[in-house]
Amino acid sequence: MGDLLLVRHGETEWSMSGQHTSWSDIPLTENGRAQARAVAPLLGKYRVDAAFTSPRVRARETAELAGFAGARVDPDLSEWDYGAYEGVTTVEIHRSRPNWFLFTDGVAPGPAEHPGETPSEVGERADRMLAKVDAALANTEGSVVLFAHGHFLRVLTARRLGFPPAAGAHFQLATGTVSRLSYEHGRPVLATWNVRP
């Protein structure tokens, strides 16, 4: 079975400022575009037979600049729905909730179209995405690459390794990086993590 390659999108203005960004379509910065282009040689080391991307412009542009313009858009790769915390930094949240922690506490409810997600809801979405990945891997000897977002990919990694969604807190992930989940003796393993070009 091939590997699962994870690419966090390139830098945006909000990723630089620490603002939580889920559904807001914040574009890549010039540095973010350079990060996306620099990912291409890292992915070029693998035979990639399937590519999926979040519907958000920052992920789709990262996929395109990395050489995967034909990546299949899948809403299950969207970032954690931050509800009322969209566009808000952790520092700002801590002013009213000093002990708040995303991976265990979730978010405050947002508007009807973006009510927010609990850690378990994000985990369920990650499990659905992993089922699609496994279906793609079953039909190829190559790898699958996902272009998505920091918090979601951290939860997806935790789920792939058999941990609860909250364990995603232990996998720090920078913009414009490639990580690889593989298998050893039939068990999922973290092979490389947070690799920058």
Side-chain angles (χ1 to χ4, degrees), residues 6-36 39 52-63 65-66 71 73-130 146-160 163-179 193-194 196:
L6 310 177
V7 179
R8 183 180 175 196
H9 64 75
E11 175 191 88
T12 69
E13 292 291 341
W14 281 19
S15 69
M16 285 195 317
S17 64
Q19 292 171 266
H20 288 88
T21 320
S22 52
W23 69 84
S24 297
D25 249 344
I26 309 299
L28 298 178
T29 61
E30 282 306 314
N31 183 54
R33 290 184 187 94
Q35 287 178 330
V39 161
F52 297 85
T53 182
S54 158
R56 301 286 77 83
V57 68
R58 59 195 181 274
R60 288 187 289 114
E61 187 175 8
T62 298
L65 292 171
V73 175
D74 194 308
D76 278 337
L77 282 172
S78 297
E79 180 60 295
W80 195 314
D81 184 334
Y82 296 125
Y85 293 156
E86 181 77 0
V88 182
T89 67
T90 299
V91 171
E92 292 168 326
I93 297 166
H94 281 169
R95 288 182 189 141
S96 59
R97 295 180 68 184
N99 297 316
W100 175 79
F101 187 57
L102 174 66
F103 288 95
T104 53
D105 300 329
V107 299
E113 62 275 15
H114 295 290
E117 287 179 297
T118 65
S120 63
E121 287 171 332
V122 178
E124 289 167 9
R125 194 155 48 81
D127 289 346
R128 284 198 308 269
M129 193 65 227
L130 287 168
L146 306 180
F147 294 89
H149 312 272
H151 285 139
F152 177 77
L153 288 175
R154 291 167 69 176
V155 171
L156 182 135
T157 297
R159 296 302 301 137
R160 181 56 139 198
F163 301 126
H170 300 288
F171 303 107
Q172 191 260 352
L173 194 58
T175 57
T177 56
V178 177
S179 301
W193 189 256
N194 212 26
R196 293 177 187 269

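Owing to the predicted nature of the structure, the values given are computational and were not obtained by experimental measurement. In this chain, residues are counted from 1 in sequence order.
To the nearest 0.5 Å, atom CH2 of residue Trp80 and atom CZ of residue Phe103 are 5.5 Å apart. In this structure, Leu28 CG and Glu11 CD are separated by 9.0 Å, a value rounded to the nearest 0.5 Å. Phe147 contributes atom CZ, which lies 10.5 Å from atom CG of Leu77 (distance to the nearest 0.5 angstrom). Expressed to the nearest 0.5 Å, how far NE2 of His151 lies from CZ of Arg8 amounts to 7.5 Å. Distance CG/Asn31 to OG1/Thr12: 11.0 Å, rounded to 0.5 Å. Rounded to the nearest 0.5 angstrom, Leu65 CG and His9 NE2 are separated by 13.5 Å.
At a cut-off of 3.5 Å, with distance as the only test, no side-chain donor of His114 or Ser22 sits close to an acceptor on the other residue.
Not counting sequence neighbours, Arg60 has no partner by the side chain to side chain donor-acceptor pair (under 3.5 Å) test. For Asp25, the salt bridge (charged side-chain N to carboxylate O under 4.0 Å, His left out) partners are Arg56, not counting sequence neighbours. Contacts of Arg196 classified as side chain to side chain donor-acceptor pair (under 3.5 Å), with partners at least two apart in sequence or in another chain: none.
A heavy-atom distance below 4.5 Å is not found between the side chains of Pro119 and Val155. Residues Arg97 and Tyr85 are in side-chain contact: their nearest non-hydrogen atoms beyond the backbone lie under 4.5 Å apart.
Listed by first and then second residue, the side chain to side chain donor-acceptor pair (under 3.5 Å) pairs involving residues 164-175 are Gln35-Thr175, Gln172-Asn194 (not counting sequence neighbours). A salt bridge (Lys or Arg N to Asp or Glu O under 4.0 Å) check over residues 121-130, counting only residues at least two apart or in different chains, returns the pairs Asp76-Arg128, Glu117-Arg125, Asp127-Arg159. Contacts classified as salt bridge (Lys or Arg N to Asp or Glu O under 4.0 Å) and involving residues 82-92 (residues at least two apart or in different chains) are not found.
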Give the intermediate values and the outcome of side chain to side chain contact (heavy atoms under 4.5 Å, CB included) for residues Tyr82 and Leu102.
CA-CA 9 Å; Tyr82 296 125; Leu102 174 66; 3.9 Å; yes

Show the numbers, then the answer: is there a side chain to side chain contact (heavy atoms under 4.5 Å, CB included) between Ile26 and Gln19?
CA-CA 11 Å; Ile26 309 299; Gln19 292 171 266; over 6 Å; no

Stepwise side chain to side chain contact (heavy atoms under 4.5 Å, CB included) check, Ser179 with Thr157:
CA-CA 10 Å; Ser179 301; Thr157 297; over 6 Å; no

Go through Leu130 and Leu156 one step at a time and tell me if the side chain to side chain contact (heavy atoms under 4.5 Å, CB included) criterion holds.
CA-CA 8 Å; Leu130 287 168; Leu156 182 135; 3.9 Å; yes

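Contact detail for Pro164 and Ala158: the closest heavy-atom pair is O-CB, 3.5 Å. Shown here for Gly106 and Trp100, the closest heavy-atom pair between the two residues is O-NE1, 2.8 Å. Thr90 and His20 get closest at one heavy-atom pair: OG1-CE1, 3.3 Å. The heavy-atom pair separating Gly123 from Pro165 by the smallest distance is CA-CG, 3.8 Å. Of all heavy-atom pairs between Thr62 and Gly10, the closest is OG1-N, 3.1 Å. Across every non-hydrogen atom of Thr89 and Ser17, the tightest pair is CG2-O, 3.6 Å.
Listed for the Glu79 side chain is a donor-acceptor partner under 3.5 Å among the backbone atoms of Phe152. Using a distance-only test at 3.5 Å, with no hydrogens or angles considered, a donor-acceptor pair links the side chain of Ser78 to the main chain of Pro75.
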